[in-house]
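Step one of this worksheet: look at the structure below.
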Amino acid sequence: MTGHGTDNARPDNFIEQIIARDNASGKFGGRVVTRFPPEPNGFLHIGHAKSICLNFGVAKRFEGLCYLRMDDTNPLKETAEYVASIQNDVRWLGFDWEDRETHASDYFEQLYQFAEELILRGRAFVCSLSLDEIRATRGTLTEPGQPSPYRERGVEENLDLFRRMRAGEFEDGAVVRGAKSYMAAPNINLRDPVLYRVRRAHHQRTGDAWCLYPMYDYTHCLSDFIEGVTHSLCTLEFEDHRPLYDWVLDTLATPHHPQQIEFSRLNLEYTVLSKRMLNALVTEGHVDGWDDPRKPTIAGMRRRGVRPAAIREFCERIGVTRSDGTVEMSALERCIRDDLEAVPRGLGVVEPLKVVLTNYPEDGEEWFSAAQHPQDESLGSRDIPFCRELWIEREDFMLEPPNKKYKRLSPGAEVRLRYGYIIRCDEVITGNDGEAVELRCSVDLESRAGGANAERKVKGVIHWVSARHGVDVELRLYDRLFNEPNPGGLKDGRHFTEVLNPDSLTLRHGVVEPHLATLAPGSRVQFERMGWFYLEPERSTAEKPVFNRIITLRDTWS
Ligand code: ATP
Ligand code: MG
């Protein structure tokens, strides 16, 4: 089966194949409605991006609709700040829910009425066991559960108790359970599941209007029904909940019954994609907030400088299947590099080492024209100042090169300055520790374009910045947050915070060519040989531009 008339030429994934079949058979009258249903109890991460791209992507592919639904049934953990972050991140990723932003809490009254309906049908009851007692009597995979002594309560009594629960007459923890007659079900989720619980908590949207909150499983299927969702796409861990999803809708005989379909969640190496762990990293102070550029959150990646197209492309490349697996970090990094390939180049030095060109005039100055991009001429060129004193990368000099293959600068050796002249190191001035503090070099003034030695070849080319014109910047060099490929599932008993990479952030003072400091905040540039950088708007000031390294030029891990 092939794609369905959008910009997307790849073959259908298994979910799209199901939808195409449903459309062909007329199962939902040809309609396609999906939803992305985050709980606003944390920021979205790259795993959520997979679900966002899938749900919005499927709707677009089939000319359907996608809702952004806040699954806000647990007031203790949810905040308006998280709601705002979710809206912002989905929009930034490039998806538009138009007027279809909903909240499960919008449906609290309807959900309550449906629960009364279940009670009236004799399919739900108020259970006076505590939550602990319920847990203890639910049984196990091999043992059936014990029926609650309250499950034979009459309809009138249940209705009366339920209304009094809503009115606030019960303590926290009082519950309503659904089903009846299912205590022997092999699927534990079906053993008289809890549908509602009393919880006196202030809700970020409904305030104190409710002291009774519906459970996720009960809420989700009914919210899908209310919105006319046709295909309710969720991750594999909900497969065992699907019978309950269907049970609620079947028992209420809803006129429309959405189809739940499960796919495997994204797991990514060297990071964690669990909101609980991501939250702990923030509250325990291991990172600098939910949008720390080292985090796999959408906000963190945005702040680091990653662009949304890279994330969408990643989601496209990993595809959608039912097989569990872990994606290598390098797969994400490849998408980020591919996307950044088009940004302009620039010269910047991380660990500056002074070079003085002894045969260049004291007050001499030249401006060299250099292309903004080696392939894309449409980006034009910029002028780079050159003078007698330069900064080069400390790494590009060695007092004693290891062997003849060494291509950079060393005593007596020659290199070409990128876009500029060939220089030779004549003298090394060292500090007390024997480290070079300044190089005295001579410059071949005929070695640039137009000169007699323009074609002269030397082994290496290094980057540089004019010391007189260069601008001081802060460079934030990011690396992976964890040293272990699966920090969230360590087999040796260590806690995930024990395997944090202590070098995940290195702060460096750098010097860059002057025009880079005049870029608009939020611009991206490839510092030649160092990687792609992002002029971070939040941290940069006029006095001190701050560049985040988005990613190195090459995979430094594999
Ligand atoms: P937790 O981290 O506590 O398990 P969650 O990731 O399930 O929470 P939700 O806000 O409930 O958080 O997720 C919203 C939607 O995103 C759900 O449909 C969920 O299946 C999907 N989702 C969450 N994590 C991933 C992931 N790693 N890969 C793909 N989809 C995901
Ligand atoms: Mg969830």
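Counting starts at 1 for both ligands and their atoms, in listed order. All of these numbers come straight from a predicted model, not from anything done at the bench. The first residue in the sequence is number 1, and the count goes up from there.
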> Relative to ligand 1, is Arg276 under 4.0 angstrom through side chain, backbone, both or neither, heavy atoms considered?
Replying inline: neither
> Mind checking whether Glu237 has an N or O less than 3.5 Å away from an N or O of ligand 1?
Replying inline: no
> Can you check whether His48 and Phe43 have ring centres sitting under 6.0 Å from each other?
Replying inline: no
> For ligand 1, which atoms have a heavy atom of Glu39 less than 4.0 angstrom away?
Replying inline: 9 (P), 10 (O)
> What about Cys234: any of its N or O atoms under 3.5 Å from an N or O on ligand 1?
Replying inline: no
> When Ser232 is tested against each of Glu262, Arg242, Arg35 for side-chain hydrogen bond (donor to acceptor under 3.5 Å, both in side chains), which residue passes?
Replying inline: Arg35
> Which atoms from ligand 1 have a heavy atom of Thr235 less than 4.0 Å away?
Replying inline: 19 (C), 20 (O), 29 (C), 30 (N), 31 (C)
>> Side chain or backbone, does Asn41 bring an N or O within less than 3.5 Å of an N or O on ligand 1?
In response: no
> If you count the atoms of ligand 1 from 1 in the order shown, which ones are under 4.0 Å from a heavy atom of Pro37?
Replying inline: 14 (C), 18 (O)
> Is the Tyr107 to Phe114 ring centre distance short of 6.0 Å?
Replying inline: no
>> So if I count the atoms of ligand 1 from 1 in the order they appear, which ones are less than 4.0 Å from some heavy atom of Ser274?
In response: 2 (O)
> Do any N/O atoms on Gly47 end up under 3.5 angstrom from N/O atoms on ligand 1?
Replying inline: yes
> Which atoms of ligand 1 are found less than 4.0 Å from any heavy atom of Ser51?
Replying inline: 16 (O), 21 (C), 30 (N)
>> Tell me every residue that passes side-chain contact (heavy atoms from CB on, under 4.5 Å) with Pro147, counting only those two or more places apart in sequence or in another chain.
In response: Arg151, Met183
>> Could you check whether Phe36 and Phe95 have their ring centres less than 6.0 Å apart?
In response: no
> With no hydrogens and no angle check, is any side-chain donor or acceptor of Thr297 less than 3.5 Å from a backbone partner on Trp290?
Replying inline: yes
> Under a 4.0 Å N-O cut-off, is there an ion pair linking Arg121 with Glu117?
Replying inline: yes
